[in-house]
Amino acid sequence: LRDRWPRRKARRLLAALALAPGGVGMAELIDLLEETSEHADAAVRTTVMSLRRVLEPELARGERSRFVVATGDGYGLAPDVRVDVQAFEGAIARARAALPADLPAALAAYQDALASYRGNLLAEPGFVGFFEGRRRLLQVAALEALRFLHAHYTAAGETAAAEATLRRAIELAPCEEDLYLALMRHLETAGQLERARQVYWDLRRALKAELGLSPSPTFEA
């Protein structure tokens, strides 16, 4: 869809609606879309029309949209629109509710959650500076699920699956030292010392590229 959107604000609008099941009010939309003119309301409505045209190219003027609907004082997505974020958060809630009494249920719920988590929320350049709080909360929950799965696979002797969970966690959080350390220890236990050393250098490169930093003294030790 991105190639069909000449307006970045339409993408930002869709993201905002997807993250707010109850809809988003006009005042909040004006702030989000950075509309500052005296005709800010009209500018938001124009962006809504642009989004609707992308989602429903055949939508006739005045016809009700199947996806983007008017709410009390703003707009939202239709109730039957499935959003991965909502599916992810629901599965995480089920997993947390199952712990510590029902580990199999928690395992299944965490697996369901990760099936809906396709990457950090709106991490592409066009969204930098927006949705930061929600992005971090979801990332933390995804790492929680991956750490749980890593512990489970390690206890079950499923070494390949255990390694895969750590590598996916590192993809989501490329500057988290504890994830690299866990992977290094995993590889060391498996007798793969050269691969463990490579993980160390992977962290050095990631910290330098992302933050301009070197590993902490604790990690170096």
Side-chain angles (χ1 to χ4, degrees), residues 2-3 8 11-12 14-16 18-19 32 34 83-89 91-93 95-96 99 106-107 109-221:
R2 189 183 311 153
D3 294 339
R8 183 176 298 178
R11 299 198 295 273
R12 198 184 305 165
L14 178 59
L19 294 174
L32 176 72
E34 300 175 313
V83 178
D84 284 351
V85 168
Q86 295 171 24
F88 172 79
E89 290 179 324
I92 289 291
R96 290 170 176 170
L99 292 172
L107 173 64
Y110 276 134
Q111 289 171 328
D112 286 346
L114 290 171
S116 295
Y117 198 91
R118 304 180 185 183
N120 292 328
L121 176 72
L122 302 172
E124 61 188 85
F127 291 100
V128 172
F130 298 94
F131 314 110
E132 293 286 357
R134 192 71 173 278
R135 182 182 299 118
R136 180 56 182 162
L137 285 175
L138 294 172
Q139 181 194 52
V140 167
L143 294 176
E144 168 193 324
L146 287 165
R147 287 187 172 102
F148 182 92
L149 291 185
H150 172 255
H152 166 77
Y153 292 137
T154 299
E158 299 181 38
T159 56
E163 179 180 339
T165 59
L166 289 175
R167 291 197 178 277
R168 185 176 179 190
I170 287 171
E171 288 178 0
L172 299 179
C175 294
E176 296 281 346
E177 287 187 345
D178 70 301
L179 297 175
Y180 289 85
L181 186 57
L183 181 55
M184 290 171 67
R185 286 173 172 161
H186 173 89
L187 294 170
E188 180 187 21
T189 300
Q192 301 180 45
L193 297 182
E194 190 56 40
R195 293 183 68 204
R197 292 189 188 97
Q198 184 58 53
V199 172
Y200 165 81
W201 289 107
D202 289 344
L203 171 65
R204 288 192 66 92
R205 281 192 293 270
L207 286 175
K208 185 68 173 178
E210 297 285 335
L211 304 174
L213 300 175
S214 298
S216 69
T218 300
F219 186 87
E220 291 283 10

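Note that the structure is predicted; figures quoted are calculated from it, not measured.
- Ion pairing of Glu132 with Arg135 is present here, as a side-chain N (NZ or NE/NH1/NH2) and a carboxylate O approach within less than 4.0 Å.
- Residues Ala15 and Leu122 share a closest heavy-atom pair of CB-CD1, 3.4 Å.
- Between Phe88 and Tyr117, the ring planes are tilted. Angles from 30° to 60° get that label.
- For the pair Arg12 and Phe130, the cation sits on the ring face: its NZ or CZ lies under 6.0 Å from the ring centre, inside 45° of the axis.
- Without hydrogens or angle criteria, Gln86 side chain to Val83 main chain gives no donor-acceptor distance under 3.5 Å.
- Here Glu194 pairs with Arg197 in a salt bridge; the nearest charged N to carboxylate O distance falls below 4.0 Å.
- Between Ala106 and Phe148, the shortest heavy-atom distance links the atoms CB-CZ, 4.1 Å.
- One finds the OG1 atom of Thr159 at 8.0 Å from the CD atom of Gln192 (value rounded to the nearest 0.5 Å).
- Residue Leu138 holds its CG atom at 11.5 Å from CD of Glu144, rounded to the nearest 0.5 Å.
- Nearest heavy atoms, Leu172 versus Ala142: CD1-CB, 4.0 Å.
- Put simply, the side chain of Tyr200 never gets that close to the backbone of Glu220: no donor and acceptor are under 3.5 Å apart.
- Checking side-chain atoms of Glu163 against main-chain N and O of His186 turns up no donor-acceptor pair under 3.5 Å.
- A 4.5 Å side-chain heavy-atom check between Arg118 and Asp84 finds at least one atom pair inside the cut-off.
- The environment of Arg185 atom CZ is sparse: at most 12 non-hydrogen atoms of other residues, nucleotides or ligands sit within 6.0 angstrom.
- Side-chain contact between Leu207 and Ser214 is absent, with no heavy atoms from C-beta onward closer than 4.5 Å.
- Heavy-atom minimum distance, Ala145 versus Ile92: CB-CD1, 4.3 Å.
- In Arg205, the CZ atom is crowded: over 12 heavy atoms of neighbouring residues, nucleotides or ligands sit closer than 6.0 Å.
- Counting only distance, with no hydrogens or angles, the side chain of Arg204 and the backbone of Val199 share no donor-acceptor pair below 3.5 Å.
- Note that the CG atom of Asp202 and the CZ atom of Arg195 stand 10.5 Å from one another [nearest 0.5 Å].
- The two residues Leu179 and Ala169 have their closest heavy-atom pair at CD1-O, 3.7 Å.
- Atom OG of Ser216 is separated from atom CD of Glu177 by 3.5 Å, given to the nearest 0.5 angstrom.
- By the 4.0 Å N-to-carboxylate-O rule, Asp178 lies close enough to Arg147 to be salt-bridged with it.
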Pair Leu187, Leu193 - check side chain to side chain contact (heavy atoms under 4.5 Å, CB included), show working.
CA-CA 7 Å; Leu187 294 170; Leu193 297 182; over 6 Å; no
Steps toward side chain to side chain contact (heavy atoms under 4.5 Å, CB included) verdict (Arg168, Leu114):
CA-CA 10 Å; Arg168 185 176 179 190; Leu114 290 171; 3.6 Å; yes
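- Heavy-atom minimum distance, Leu19 versus Arg134: O-NH1, 3.0 Å.
- Annotation: side chain of Phe219 is in contact with side chain of Met184 (closest heavy-atom distance under 4.5 Å).
- To the nearest 0.5 Å, the span separating SG on Cys175 from CG on Leu203 amounts to 7.5 Å.
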Let me see the working for Leu166 and Leu146 under side chain to side chain contact (heavy atoms under 4.5 Å, CB included), right down to the final yes or no.
CA-CA 7 Å; Leu166 289 175; Leu146 287 165; over 6 Å; no
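- Of the inter-residue distances, the one linking Leu149 atom CG with Tyr110 atom OH reads 9.0 Å to the nearest 0.5 angstrom.
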